[in-house]
Structure formats: C-alpha cells, structure tokens
Amino acid sequence: MTTPDVTKEKNDPPASTVQRVAVALGVCIIILGGSAAIANYFMANQEEAQRRTPPRVPPLVTALRVQTEQFTIHLPSQGRVQARAVTTISPEVAGRVQSLEPVFKEGGFFTPGQKLLTLDNTDHLNTVAKAEGAIAQLKAKLALEKIDRAGLTNAVSVAAATLEQAQVALELEKIEAASFQNAFNVAKANLEQAKVALRLEQLERSTYSNAVTVAQAKLKQAEANLQLTLAEQSAAIANLKRLDKLAGASPLARKEPQVAEARAAMDAEQAALTKAQKDVLEKPRQKEADLQAKIDVAQVKYTEAQENLKLPAQREADLRAKIKVAQAQLTEAKENLKRPAQLEADLQAQIRIAESEAAQAKRNAERTVVRAPEYHGRITEKRVDIGQVVSAGSVLATAIATDYAEVRLPLSNRRLAYLSIPEPLISTNNTEALQQQTATERPRVTLTAEIGDEIQQWQGVIDRAEGRYDSASQQLFLIAQVSNPYRTQPALRAGLFVRADITGNSLNNVVVLRRHVVRRGDEVALALPGKNNTWTLQRRKINVLWRDEAVMVTDSLKPGEVVIQSPVDYAANGEPLRVAIEGEAPPPPVHPAGNGKGGKKKKTKATSG
C-alpha cells in the first residue's frame, strides 16, 4: 500500500480556486464594459439645456429712520457709602462713669447735643466751692485795703493842703515884708519932712525978711509930700494887685484919702505962701512947737518901722522850714499811698485768677455731662460702661452723622466734560462778577445696591468735588449726598457698596443710535433713496458726542435719514439694496424673470462618410 505526497498537495493550489478567480475577473470585465457602453450611449443621445444668466436680486436689509431728540447723559460710577461726619466722643474731664442714657449703645440714634452719659462731678463741685470761698476772702481783704487807701489818700490831701498853706503864708509874708519896707520908707520920709519943716520954721523965725522964700519952700515941701503920697498909693495898689484884692479894696486901702490930704496940704501951702507974702513979719512960734512934736512922733514911727523890718526875715525863715517839713510829709504820704495801690492791684489780680479758676471749675462740672455732637447721628461703637474710670480725651464711643450719607464716586477726566460740577468760582480779586454768579444746580444721582434678592435704589445729588485729582488714576472723586439715609428701609448704611448713575448734561438735536448700528471707525451705513423705490448704500463717518455700552450719540445725521442695521461689511458704496424700515411697510417681494429652463436641443452624432 502506498501513501500520497502530502507536501506537494500543500504547495500547489487546487483546481477549484483557480476557476473561481477566473470567473470573478470575467464578471468584472463584463460589468465595466456594459457601464462604458451605457455611458457612451447617454452622452451621445443627451439633450443639452439652454444656458441663460439669471437676474441679480438686491439684498434685503433692515434699517431705521432717525429723528433728532434731546439726550440726557448718564455717567456710571461706583463707590462705598460713608458717613458725612465721623466723631470720636471723648470727655473733657476725668471721672467715673455714673450713668448712661438709653441712646448710648451701639446703633442708638441721638439728636444734636443730646445727653449721652454722666461722670461723677463731686470733685469739681468741691473745687467750685473752694474757689468761690477764696474769691470772697480776697474781696474782703480788698475792701479793707480800699479803706486804708482812703485814709492814706486823706493824709496826702492834708499834707498837700499844709504845704499849700505854708507856701501861701510865705507869699503873704513876702508881701507884708514889702509893706514894712514901705512903712519904714514912709516913716523915714515923714521924719525928714518934719526935720525939714522945723529947719524951715527956724529959718522963717530967724529971717523974717525971707518969709516968702520959706513959703515957697513949704510949697515945694507939700509938692514933695504929694509925690511921696502918690508913691505910697502906687505901692499900696501894687500890693493889692499881687494879692488879687484890688477890686474889693476900700478907698483907704488904696491910699485915696492920703492922696487927697496931700493935695489939700499942697493947696494949703499955696495959701500959706500967699499969706506969707502978705504978712512977712509974722512969727509962727506955735507952728514950730507943732513941728517939733511932729518930729518926735515921726521919730517914734521911724524907730518902730525899723524894728518891724527885722520881723519878716525871721518869719520867712520859719515859713521856709515849715514848707520843707510839709514837703517831706507830702512825699512820705505819697509813697505810703503807692504801696496800698500795688497791694490793691495784686489783690485784684488774685481775684481775677480765683474767678477764672472758679469759672473753669464750673465748666469742668458741666463737662461731666457728656453730650452728643451737634448733628443728628448714631452710635457705631461703645467702649465704656457704668463704673468705669475714664481720663480726659479717652475715647468713649464713635458716632456718625445720619442727616446725610456720602459716596465718593470716581469719574475720569474725559467724562467730567459732560457734567456741571456745583462749585463756585473763587478769585483773590473778589470782583463783582464773582459776587453775583448764579448758583449751579446740583446734578442728580441714583444709587443702586443689591440687598438680598431685591435691587434697592436711593436718590441723591452731587454736592461737590474733592480738591484734587487722584495721582495714580487721574480721576476726580465726586461727593454724592443722600439726605436722611435712615428714613426708609432698607437704610443706606455706611460701608455699603453701591453703583451710581449720575445725571449729566443734556445734548439737544442729536441722534441716538444703538451701539451695533455704528461700524468700525465710527462709520454708519446709510440707505439713500432712488427711483422706483430703489435704495443704494452709502457709508459715512460720524462725529460721536457720547458713547456708552448701549448707544452712541451723534450730531452728524439729519432727521429722516435711513440708517442700515443689518451687517453689510463687504458691500460697496452705491450697491442697490432692498430696505425694510422699522415701523414702515416692508418692501414688495422680488421674483426673477423666466423659469430658468432652456429648450431641448438634440446633439447629433457625427459620422464619417
């Protein structure tokens, strides 16, 4: 028995496999040949369509017809609420806290000057009583010093009067000494006159033949006597004038009778001369005896006047010594008077000091009542309680004002041009124009904050601007004020973050466009009307007066112009458009001319002849 060759069977493919491959190749060739024949047939017998260019339909765009209006600018900002005033409440004196008012608590509201707490004032009241007692004691001492001063003043007056009296007495003594000298001169003249008269009388007795000569001599003697009397009268009048007594002096004091007597004597001597001439032989013996008696009397008066001349010198020396004593007493009295004046001034200064200390003590006693600041406010922090000892200037609490709330709102320098800041014009010249400037209306501001699930709003005004720009951001902070922030609920509390909408200036006769209508480069696409309700595109650059996130405001468009809102980025100027204007009837639909199908045309197959 023989076995088959297994290895040969594995290397040679079987006859069935070769047959299958041959069949597959035949089928593929048949399919490809049939497909080519069918394609060739259709290509040779296909009807060719007529070629025609379709009409172009203008694109449809949406647009709006603009109108001018008044636009009020709203400037956005944001900030944090702060109190108009923040005050640390501190006592002006030290002491122990004695009582607290119900409003003195965190969150408590107070009115201007309301009592908040009281410190123990016992020590201050004791100081007041001590100062008032010292004032009473000093005033009593001052009253005694005034009495002593009055006595010293009287002593000065007495010393001055004594000095003046001595000085007057000295002047009178000088006048009296002058009168004694005059009296001495008169007595001496009388004595000489009597001696001359005696000699004349003796001459007359010895020389009878010379009687007329004697009478003439007597007449001259009478004339001399008259001159002497007149001299005495002049001296008396001078003395009266020195004493300022001339107006009320008697005729005797003015020597008027003596002058009259001298005149009468001269007249008598004139008569005697006449008689002597008649009777030159008569012997006047009796007259000689009278003259001798007269000489004796004149001698006595002369001696008395000579003795009186010695008295004024002694009296003058006594009066001068008295004047020196009076001057020394007056000087001493004045020096004594200065000492009480200085002491009185010291006492008055001490009284003023004591009164000042008493007033200070009273103020300190009043300051033991700690009061609220002079505004409506609220306590935000409390640091003391009853029984605690506090010192002057220590912080008892912190308070904020509740009449106004303020918000610092930053605004860029570019946007400040759209807002009228309520600030007066200030100049050092103080001109009349600056004095009569009108007040600027404060811009309104709306503050918004989200509290819980609700959006809350508060209305306020821009009160002022800060004094300088922020050096880092170059922004100016405006101060917004909201009155009575605790009047409504929820309250506008300090520390709350708010967004602000500031009402700025108004722009008149402007066009307001939505932000997407304005293209790049501040350009708008306008639809210009043509014939047969056709429109064409035109681009125009506009002047933007204001822009924000929603709108742009311009004054470059006229009322009635049509602004395209649809995107037309690649359209050229002059391109026709179909425009659907907001608020107006839409344009009619456009149908293309023809059905777009051409007539049938047989394609003939070329054959060779």
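Taking the side chain as every heavy atom from C-beta outward, Ile89 and Ile379 approach each other to under 4.5 Å. Within the 4.5 Å cutoff, the side chain of Arg547 has heavy atoms near those of the Asp522 side chain. Residues Ile421 and Leu476 are in side-chain contact: their nearest non-hydrogen atoms beyond the backbone lie under 4.5 Å apart. A 4.5 Å side-chain heavy-atom check between Pro91 and Leu119 finds at least one atom pair inside the cut-off. Side-chain contact between Leu557 and Leu526 is present, with at least one heavy-atom pair separated by less than 4.5 Å. Contact annotation: the side chain of Trp535 approaches that of Ile581 to within less than 4.5 Å [non-hydrogen atoms, C-beta and beyond]. Two residues are said to be in side-chain contact when any heavy atoms from C-beta on lie closer than 4.5 Å; Leu100 and Leu117 meet this criterion.
Side-chain polar atoms of Arg514 and Gln565 form a donor-acceptor pair below 3.5 angstrom. A side-chain donor-acceptor contact under 3.5 Å links Thr446 and Gln459. Glu454 and Gln456 form a side-chain donor-acceptor contact under 3.5 Å, judged by distance and modelled atom types alone. One side chain, Gln70 or Asn508, offers a donor N or O that lies under 3.5 Å from an acceptor on the other. A donor atom on one side chain and an acceptor atom on the other are found under 3.5 Å apart for Gln360 and Asn364.
Without hydrogens or angle criteria, Thr503 side chain to Pro443 main chain gives no donor-acceptor distance under 3.5 Å. With Ser566 contributing its side chain and Thr62 its backbone, the two residues share a donor-acceptor pair below 3.5 Å. Side-chain N or O atoms of Arg96 include none that pairs as donor or acceptor with a backbone N or O of Val389 at under 3.5 Å. Using a distance-only test at 3.5 Å, with no hydrogens or angles considered, a donor-acceptor pair links the side chain of Thr380 to the main chain of Thr398. Remark: side-chain polar atoms of Arg378 are not paired, donor with acceptor, to backbone N or O of Ile400 under 3.5 angstrom. A donor-acceptor pair under 3.5 Å links the side-chain atoms of Ser90 to the main chain of Ser394, judged by distance alone. A donor-acceptor pair under 3.5 Å is absent between the side-chain atoms of Ser35 and the main chain of Leu32, judged by distance alone.
When each of Val61, Val517, Val524 is checked for a side chain to side chain contact (heavy atoms under 4.5 Å, CB included) with Ile564, only Val61 meets the rule.
Between Arg408 and Glu466, at least one side-chain N (NZ, or NE/NH1/NH2) sits under 4.0 Å from a carboxylate O, which counts as a salt bridge.
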Side chain to side chain contact (heavy atoms under 4.5 Å, CB included) evaluation trace for Thr534 with Thr536 | CA-CA 7 Å; Thr534 60; Thr536 57; 5.8 Å; no

Using the side chain to side chain contact (heavy atoms under 4.5 Å, CB included) rule, take Val498 and Leu492 through it: C-alpha gap first, then chi angles, then the decisive distance, then the call.
-> CA-CA 10 Å; Val498 295; Leu492 184 61; 4.2 Å; yes

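The minimum heavy-atom distance linking Asn505 with Ala417 is given by the pair ND2-O, 3.7 Å. Minimum interatomic distance between Ser556 and Asn543 (heavy atoms only, all atoms of both residues): OG-N, 2.8 Å. Across every non-hydrogen atom of Thr368 and Asp120, the tightest pair is CG2-O, 4.0 Å.
By the neighbour-count criterion of 12 heavy atoms within 6.0 Å, atom CZ of Arg444 is sparsely surrounded, having that number or fewer from other residues, nucleotides or ligands. Enclosure of atom OH in Tyr404 is not indicated, since only 12 or fewer non-hydrogen atoms of other residues, nucleotides or ligands lie within 6.0 angstrom.
With sequence neighbours left out, Tyr418 forms a ring-ring contact (aromatic ring centres under 6.0 Å, His included) with Trp546. With sequence neighbours excluded, the residues forming a salt bridge (charged side-chain N to carboxylate O under 4.0 Å, His left out) with Asp403 are Arg84, listed by chain and number. Glu357 meets the salt bridge (charged side-chain N to carboxylate O under 4.0 Å, His left out) test with no other residue; sequence neighbours excluded.
Separating the CD1 atom in Ile386 from the CZ atom in Phe104 is a distance of 10.5 Å, to the nearest 0.5 Å. Going from atom CG of Asp548 over to atom CZ of Arg415 covers 7.5 Å, rounded to the nearest 0.5 Å. Atom CZ in Arg499 sits 12.5 Å away from atom CG in Leu447 (nearest 0.5 Å). With rounding to the nearest 0.5 angstrom, the CD atom of Glu101 is 5.0 Å from the NZ atom of Lys115. Considering OG1 of Thr68 and CG of Asp555, their distance stands at 11.0 Å, rounded to 0.5 Å. Expressed to the nearest 0.5 Å, how far NZ of Lys382 lies from CG of Leu116 amounts to 11.0 Å.
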